[in-house]
There are 2 protein chains.
Amino acid sequence: MEKQISQAVIKRMPRYYRYLGELLDNGVERISSNELSIRMKVTASQIRQDLNNFGGFGQQGYGYNVQYLYEEIGKILGLDRQHNIIIIGAGNLGQALANYVKFEKRGFVTIGLFDVNPAMRGLSVRGIPIKMMDELEDFLADNKVDIVALTLPKEMALDVTDRVVKAGIRAIWNFAHLDLEVPEGVVVQNVHLSDSLMQLSYNIVKHEMEQE
Amino acid sequence: MEKQISQAVIKRMPRYYRYLGELLDNGVERISSNELSIRMKVTASQIRQDLNNFGGFGQQGYGYNVQYLYEEIGKILGLDRQHNIIIIGAGNLGQALANYVKFEKRGFVTIGLFDVNPAMRGLSVRGIPIKMMDELEDFLADNKVDIVALTLPKEMALDVTDRVVKAGIRAIWNFAHLDLEVPEGVVVQNVHLSDSLMQLSYNIVKHEMEQE
DNA sequence: TAGATTGTTAATCGATTAACAATC
DNA sequence: TAGATTGTTAATCGATTAACAATC
């Protein structure tokens, strides 16, 4: 078995990808770990360690080829394939995700939108029709769905999670404010906005105290 | 100076707060670190270490009083005060935040919404009128604003950040997909949705490989 | 009192940084 | 070749876990 790469490292990879994308846009051809470290405000050592978890992408005396490294990180993050997403919960947050066109450039394509609200029947967002929840299982059977985004009230989240997991879904992007219970082999990525806001709040209070 | 508490610890506090809130709702009066550790799937040791960064909230032989601990963590996270928020960028994501009523229960109150789009002039979300960007400085001068949420395209983010920082804002909740440059003393909390999605994507690919 | 469980110190583990030989 | 910079090993730092004396 391959050595396990820590989530701390994985979490940093999208940021490298973003910075390399900007360099690429600016026509920069090569970059050293040291120069990148200055821009990103991390240590050069960390950059080299992180990248070498996945392979040697650089060249001694030269640094890293921006285009090549950008593409390699893209592959590591699975951006070289298409991921079909359905969004369950077509409220503002669900619609915000459905409207976020830039995801598609990275291969994340929203192919379905679901809601419980009958008033939404027949409506669509960016050409994607909003379906009712009783159509969920049929849709999952008829379409290749890789990721389910849960943008619904937490009261419904457990039930819906059970349904999609039963239907064979192995990846959930969870915006509901609770911890999902899923069987082994199902990946959950949480986005807990209120946790993020509380962390910000802590840091505000801390900062104020430091002023005094 | 007080000992610095790591962000790793801070990040876990909202989750404790959430679990304690649920226990409270369920009428549970006291809980031991061990029992909580089983529910939360962390070690009891970590719970005790985390809490003791802020003080001794428990009692030997008894455990923790749920109500008391819940309130104390609330205070640590600054939830015992009101935080006024303005949201800049009244697209779906901005509106989603403005509509998220539960934030208000924790003291986070949206008092303003701003957008560049003239078509939005006069519209309002949940009773909060959408203002145009040229009204920003006046609004900040006339109102106590604690947090600015940036839910706008990254092209505008740097400019707007400069403006609000100049106006004295010390906390930014950043949803724009770039790293903000802010002076010392300004706190930034990032929510990079596409980074989160990429992390999920990595874990999907990894899981698939492990199956083979 | 005896039992339970904290608060806290000590041990371990993992992640980050530093250093440098390998090499382009 | 000389200089630059990687890949990688070693050292350090910090975070997590274990252990246990203090104490309710």
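None of these values were measured; they are calculated from a predicted model. So that the names make sense, note that chain A is the first sequence line, chain B the second, and so on, each numbered from 1.
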If you assign each of Asn34(B) and Gly61(A) to its closest nucleotide in DNA chain C, which residue comes earlier from the 5' end?
Asn34(B)
5'-most contact on DNA chain C (nearest-nucleotide basis), Gly58(B) vs Asp50(A), goes to Gly58(B)
Would you mind reading off the distance between [X] atom [atom1] and [N] atom [atom2], rounded to a whole angstrom?
X	N	atom1	atom2	result
Asn65(B)	dT5(C)	CG	P	15 Å
Gln46(A)	dT9(D)	CD	P	19 Å
Lys11(A)	dT16(C)	NZ	C1'	17 Å
Glu72(B)	dG7(C)	CD	P	12 Å
Leu69(A)	dT6(D)	CG	P	11 Å
Phe54(A)	dG7(D)	CZ	C1'	16 Å
Asn53(B)	dT9(C)	CG	P	13 Å
Ile31(A)	dA4(D)	CD1	P	17 Å

Select one nucleotide: of [options], the one nearest the side-chain heavy atoms of [X].
X	options	value
Asn52(B)	dT8(C), dT16(C), dT16(D)	dT8(C)
Gln60(A)	dT17(D), dT23(C), dA22(D)	dT23(C)
Ser32(A)	dT17(D), dT6(D), dC24(D)	dT6(D)

Just wondering, are more than 12 heavy atoms of other shown residues or ligands nearer than 6.0 Å to CD in Glu181(A)?
no
Verify the neighbour count for atom CD of Glu22(B): are there more than 12 heavy atoms of other residues, nucleotides or ligands below 6.0 Å?
yes
Check every strand shown and say whether Ser45(A) touches a base, only sugar-phosphate, or nothing at a heavy-atom separation below 4.0 Å.
base
With a cut-off of less than 4.0 Å, is there a side-chain N or O of [X] near OP1 or OP2 of [N]?
X	N	result
Ser33(B)	dT6(C)	yes
Thr43(A)	dT16(C)	no
Tyr64(A)	dC24(C)	no
Arg48(A)	dG7(D)	no

Any chance the side chains of Asn92(A) and Tyr100(B) put a donor and an acceptor closer than 3.5 Å?
no
Side chains of Gln199(A) and Gln7(B), donor plus acceptor under 3.5 Å:
yes
Quick check: any donor-acceptor pair below 3.5 Å linking the side-chain of Gln49(B) to the base of dT17(D)?
yes
For the base of dT5(C), is there a side-chain donor-acceptor partner from Glu35(B) under 3.5 Å away?
no
Do Lys41(B) and Asp179(A) sit within salt-bridge range, that is, some charged N less than 4.0 Å from a carboxylate O?
no
Measuring only between side-chain heavy atoms, which start at C-beta, is Val145(B) closer than 4.5 Å to Phe139(B)?
yes
In the strands shown, is dA15(D) matched to any nucleotide by a Watson-Crick or G-U wobble pair with both distances under 3.5 Å, and which?
dT12(C)
May I ask which nucleotide in the shown strands pairs with dT5(C), Watson-Crick or G-U wobble, both distances under 3.5 Å?
dA22(D)
